[in-house]
Amino acid sequence: NYDLGGSDIAYIDSTAGSATSVNFRTDEDVDLENCTDVGEGYNLGYTTKGEWIEYTVNVANSGKYNLTLRVACNGDGRTISVSAKDAIVAKDFAIPNTTGWQTWQDVVIKDIQLEAGTQVIRVTIGATDYVNLNYMTFTTQSQSLPTVSLKTGWNLIGCPLEGSSDISSALTSIWNNIITIKDLDSFYDKSQSANLNSLKTIEWSKGYWVKVDKPCTLKWAK
């Protein structure tokens, strides 16, 4: 859902037409793919050196923000830059090799300074071709995450963390108390060897059953 306006106004794409057959905004040159990440939809693909794409946003308050990018990349040496109001706020940020074009990972660019008001965010591909981008989210550094009081036994919790988070990192405050974690499709049982556990990450907005050995307080951590 990049800005309207067409080539040289809302984006720069080095080749005319789409490199894929996705049936979405077919009159534009931006290359979109069907996305297999959580939530599905579309992602930017076939991005090459110097290409850029813009998004108009309304920043409620001036301040420092953390930018989370959902990326996939099968190769090393990729970078992106981000600008706001025509000023670069993150230059040549390294994108990790996720080992697959649909193998998605969160990367966080911290301490981005944004001014209040409506403005254009531009994302530019660095000197090496090909980075797949699904979405980006901005969170204020002062934003506090909720704490949850858990009782002995089973508790139902909802994940407030943006994107996908490693299960042990997100639940580090209660990790010593955890017995089992499960959702509708998978589970984590601390009594089993790691390769038998199917639940590795937790996702934003999803619910999880957590069994703990005594009352404790969950302090979410990204």
Side-chain angles (χ1 to χ4, degrees), residues 1-2 11 13-15 18-25 30-53 55 66-82 90-110 112 121 123-139 159-172 175 181-189 192-208 220-222:
N1 292 307
Y2 52 91
Y11 62 84
D13 192 282
S14 60
T15 55
S18 175
T20 72
S21 57
V22 168
N23 188 27
F24 181 72
R25 297 183 71 166
V30 176
D31 302 312
L32 302 178
E33 298 178 306
N34 290 311
C35 186
T36 63
D37 195 12
V38 175
E40 300 182 331
Y42 305 106
N43 63 265
L44 296 177
Y46 298 92
T47 56
T48 58
K49 174 184 176 181
E51 291 185 345
W52 52 260
I53 194 163
Y55 303 85
N66 292 338
L67 168 59
T68 299
L69 290 158
R70 189 71 167 166
V71 304
C73 179
N74 191 10
D76 298 319
R78 272 66 170 187
T79 61
I80 65 162
S81 296
V82 180
K91 184 175 177 57
D92 295 330
F93 185 83
I95 301 299
N97 182 355
T98 68
T99 71
W101 297 114
Q102 290 292 321
T103 303
W104 295 95
Q105 179 178 324
D106 287 349
V107 294
V108 180
I109 307 176
K110 296 183 177 180
I112 287 181
I121 301 290
V123 179
T124 302
I125 304 303
T128 303
D129 294 346
Y130 305 133
V131 176
N132 282 6
L133 298 171
N134 186 0
Y135 57 80
M136 58 181 174
T137 57
F138 290 87
T139 53
C159 178
L161 303 177
E162 295 280 359
S164 174
S165 303
D166 176 77
I167 192 170
S168 61
S169 298
L171 303 177
T172 186
W175 196 247
I181 310 164
K182 63 180 181 178
D183 60 13
L184 293 176
D185 305 310
S186 51
F187 68 91
Y188 183 97
D189 189 324
Q192 296 188 141
S193 61
N195 61 349
L196 295 177
N197 289 317
S198 55
L199 187 60
K200 309 291 186 182
T201 60
I202 58 176
E203 312 290 339
W204 174 77
S205 81
K206 289 186 66 174
Y208 299 87
W220 290 99
K222 182 64 173 174

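Note that the numbering runs from 1 along the sequence shown for the chain.
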For the residue pair Trp175 and Tyr188, does the interplanar ring angle fall in the parallel (under 30°), tilted (30 to 60°) or perpendicular (over 60°) class?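 Plane angle between 30° and 60°, so tilted.
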Looking only at heavy atoms, which two atoms of Asp13 and Val30 are closest? And how far apart?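 Taking Asp13 first and Val30 second, the nearest heavy atoms are OD2-CA, 3.7 Å.
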Please give me the minimum heavy-atom distance between Thr98 and Thr103, naming the atom from each residue.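 So the two residues come closest at OG1-O, 2.7 Å.
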State whether the side chain of Ser198 and the backbone N or O of Phe187 hold a donor-acceptor pair below 3.5 Å, judged by distance alone. yes
Identify, with sequence neighbours excluded, every residue that meets ring-ring contact (aromatic ring centres under 6.0 Å, His included) alongside Tyr46.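 Residues passing ring-ring contact (aromatic ring centres under 6.0 Å, His included) with Tyr46: none at all.
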If we only count heavy atoms from C-beta on, is the [X] to [Y] side-chain gap below 4.5 Å?
{"X": "Glu203", "Y": "Ser164", "value": "yes"}
{"X": "Leu44", "Y": "Asn132", "value": "no"}
{"X": "Asn43", "Y": "Asp37", "value": "no"}

List the steps and the verdict of side chain to side chain donor-acceptor pair (under 3.5 Å) for Ser14 and Thr48. CA-CA 7 Å; Ser14 60; Thr48 58; 3.0 Å; yes
Asn74 CG to Tyr130 OH distance, which is reported to the nearest 0.5 Å: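 Result: 12.5 Å between the selected atoms.
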Supply the atom-to-atom distance Leu171 CG to Asp166 CG, rounded to the nearest 0.5 angstrom.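 It comes to 9.0 Å.
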Hey, are Asp106 and Arg70 close enough for a salt bridge, meaning a charged N less than 4.0 Å from a carboxylate O? yes
Does NZ or CZ of Arg25 fall inside the cone over Tyr2's six-membered ring, less than 6.0 Å from its centre and within 45° of the axis? yes
